[in-house]
Amino acid sequence: YSDCRVGTLDWKGFDRITLNGCETAYRKFHHNDLKHWYRLLRRTSGLLNLDLHERVALTMLDLCEDFGIEDSRGTLLTVSISQKDIASIVGASRPRITEHLAQMERDHLLVRQGRQFIVNTAQLSISSADRSLMRTERDWSGHRTAQKRVAAGSRSARSVQWPTGSNGTIGARPGLS
């Protein structure tokens, strides 16, 4: 986010502020702190293994959590976010983001209202989970197929007849020197 304010506080100043603080305030502070670290971890580790459509969906859900208000049509993003902004968050080009947002709009997962978005967060979450599950099953199926190929290849490798020399000993393996 580009509109941030940063401040510093030394330990003595922190102690003065928190010395008479109530326990619920500390819990809320701790909860908010953990929430942001968890989201950062989820975003950085999760985005690496997701396809572009899933990264865009996750980004839209995160934006709704931070800047959205409930509307009868879904969650209205109160900030005006550009496709270029989304592209920089997910690491893609703006034209590719346009394609994916248009697909989400055709799938009734979001609606554009001027420069704002109204996101059907429940459906977008379900859609993202379904896509991720299908991709995982496809990847796992491909992994099992590759394992079968490797296993079949190792069985055929065991049955290879190596050339023998004139004295009956195994000669050099083909392709090895």
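All values below were derived from every heavy atom in this structure, side-chain atoms included, with hydrogens, water molecules and symmetry-related copies excluded.
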Worksheet item: Cluster question for you: counting only ILVMFWY and a side-chain heavy-atom cut-off of under 4.5 Å, with indirect links fine, are V111 and F67 together?
Response: no

Worksheet item: Quick one: does Q116's side chain have a donor or acceptor within less than 3.5 Å of a partner on Q113's backbone?
Response: no

Worksheet item: To the nearest 0.5 Å, how far apart are CG in L124 and CG in L109?
Response: 5.5 Å

Worksheet item: Can you hop from L61 to L52 via hydrophobic side chains spaced under 4.5 Å?
Response: yes

Worksheet entry | same_hphob_cluster(L110, I81) at 4.5 Å side-chain heavy-atom cutoff | yes

Discussion item. Just verifying a value: how many Å separate Q83 CD and H100 NE2, rounded to the nearest 0.5 Å?
Written reply: 12.0 Å

Worksheet item: To the nearest 0.5 Å, how far apart are CG in L101 and CZ in F117?
Response: 5.0 Å

Practice prompt. Decide yes or no on side-chain hydrogen bond (donor to acceptor under 3.5 Å, both in side chains) for D85 and S82, but give the supporting numbers first.
Written response: CA-CA 5 Å; D85 294 332; S82 70; 3.1 Å; yes

Item to complete: To the nearest 0.5 Å, tell me how far M104 CE sits from S127 OG.
Response: 7.0 Å

Response to the item:
Distance col, row Q103:CD vs E105:CD, nearest 0.5 angstrom, shows 10.5 Å

Worksheet item: If you measure from the Lys or Arg side-chain nitrogens to the Asp or Glu carboxylate oxygens, is any gap between R73 and D71 under 4.0 Å?
Response: yes

Worksheet entry | Shared hydrophobic cluster, I118 / I126 (ILVMFWY, side-chain heavy atoms < 4.5 Å) | no

Worksheet entry | Rounded distance [0.5 Å steps], CG in N120 versus CG in D107 | 11.0 Å

Discussion item. M60 and side-chain contact (heavy atoms from CB on, under 4.5 Å): which single residue from I89, T75, T121, I86 fits?
Written reply: I86

Practice prompt. For T98 and R94, test the side chains for any donor-to-acceptor distance below 3.5 angstrom and give the result as yes or no.
Written response: yes

